[in-house]
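This report concerns only the one structure given below.
Order of the sequence lines sets the chain letters (A, B, ...), proteins ahead of strands, with each chain counted from 1. As the structure is a computational prediction, the values presented were derived from the model and not from experiment.
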Amino acid sequence: MEIKFTTGPSPLGSVLVAATAKGVCAVSLRESDEGTEEYLRARFPKAELARDDVALKRALDTVRERIAGRKLDSALELDLQGTDFQREVWNQLLAIPAGSTRSYLDVAQAINRPKATRAVAQACGANPVAVVVPCHRVVMSDGSIGGYSGLPGVKKALLVVEGGWVPDRS
DNA sequence: CCGGACAACATAG
DNA sequence: CTATGTTGTCCGG
């Protein structure tokens, strides 16, 4: 399996987009575009990497549009590999309207597993396509941001930009 | 090679 | 602090 990838700047840092022949398989916000190949090699040990800025330009632009807060139909072709549970969760995340948030509990209930909140969190963390699958719209039930793998502050920034989310310091 | 046990996790109550 | 669901890893058979 060959994986094409490209990177580009964004208001929140460097963006990495990788895709297989089927579709986008990884999206990540990074501090810089250095270490990109290393990141991909770790995630797809058996894949051959090939930079292809042209082929992925559209995908990259779409991602950046979203980071900028513009809601678009963005029907990106995705090639997500994961367990059934994970796909169920991700699918549910895609259903979250831009600008709003859900708690891990809400998502858990939405997929008919009211007590699988923790598992949902796992799935979110396992989500390879940050931003595209809005894992950042999931917050803790008391309204606080919770954690986020990736750069500190990115999750918050995304929420603020696309939803006008206001930090709630109780 | 195939289970079973166990710990980790971006939680909730 | 405990219960919760799913995964990934590690070990014994």
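- When atom types are taken as modelled, the side chain of A:Arg43 and the backbone of A:Arg41 share no donor-acceptor pair closer than 3.5 angstrom.
- Put simply, the side chain of A:Trp165 reaches to within 4.5 Å of the side chain of A:Lys156, judged on heavy atoms.
- Atom CD of A:Glu2 sits in a crowded spot, with more than 12 heavy atoms from other residues, nucleotides or ligands closer than 6.0 Å.
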Practice item. For DNA chain C, just give me the dot-bracket, please: Watson-Crick or G-U, both distances below 3.5 Å, ( ) intra-strand, [ ] crossing earlier pairs, | paired with another strand, . unpaired. Key: |||.|||||||||
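- Rounded to a whole Å, the CZ atom of A:Arg118 is 9 Å from the P atom of B:dC9.
- Side-chain atoms of A:Trp90 do not come within 3.5 Å of backbone N or O of A:Pro134 as any donor-acceptor pair.
- Salt bridge status for A:Lys57 with A:Asp53: absent, with no side-chain N to carboxylate O gap under 4.0 Å.
- Contact of A:Tyr104 with B:dA12 (side chain to base): no donor-acceptor pair of N or O atoms is detected under 3.5 Å.
- When heavy atoms are screened at a 4.0 angstrom cut-off, A:Gly125 is found touching base atoms of the nucleic acid.
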Listing time: all N or O pairs from protein to nucleotides 2-6 of chain B that are below 3.5 Å?
none

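- A:Ser149 has no side-chain polar atom (N or O) that falls below the 4.0 Å cut-off from OP1 or OP2 of B:dA10.
- Just one residue in the list A:His136, A:Arg70, A:Arg66 forms a side-chain hydrogen bond (donor to acceptor under 3.5 Å, both in side chains) with A:Glu162, and that residue is A:His136.
- In this structure, A:Thr6 and A:Asp52 have side chains that are not in contact, with every pair of non-hydrogen atoms separated by 4.5 Å or more.
- Looking only at side-chain heavy atoms (C-beta outward), A:Phe44 and A:Gln81 come within less than 4.5 Å of each other.
- The interatomic distance linking A:Arg102 (CZ) with B:dT11 (P) rounds to 18 Å, in whole Å.
- Nucleotide B:dA12 holds its P atom 14 Å from the CD atom of A:Gln122, rounded to whole Å.
- Atom CD of A:Glu65 has more than 12 neighbouring heavy atoms from other residues, nucleotides or ligands inside a 6.0 Å radius.
- The footprint of chain A on DNA chain C, defined by a heavy-atom cutoff below 4.0 Å, extends from C:dT4 to C:dT7.
- Here A:Ala119 lies in heavy-atom contact (under 4.0 Å) with a base.
- Straight-line distance from the CG atom of A:Asp142 to the P atom of B:dA12: 8 Å, rounded to whole Å.
- Taking the side chain as every heavy atom from C-beta outward, A:Ile145 and A:Lys155 approach each other to under 4.5 Å.
- Side-chain contact between A:Val17 and A:Phe5: absent, with no pair of heavy atoms (C-beta onward) separated by less than 4.5 Å.
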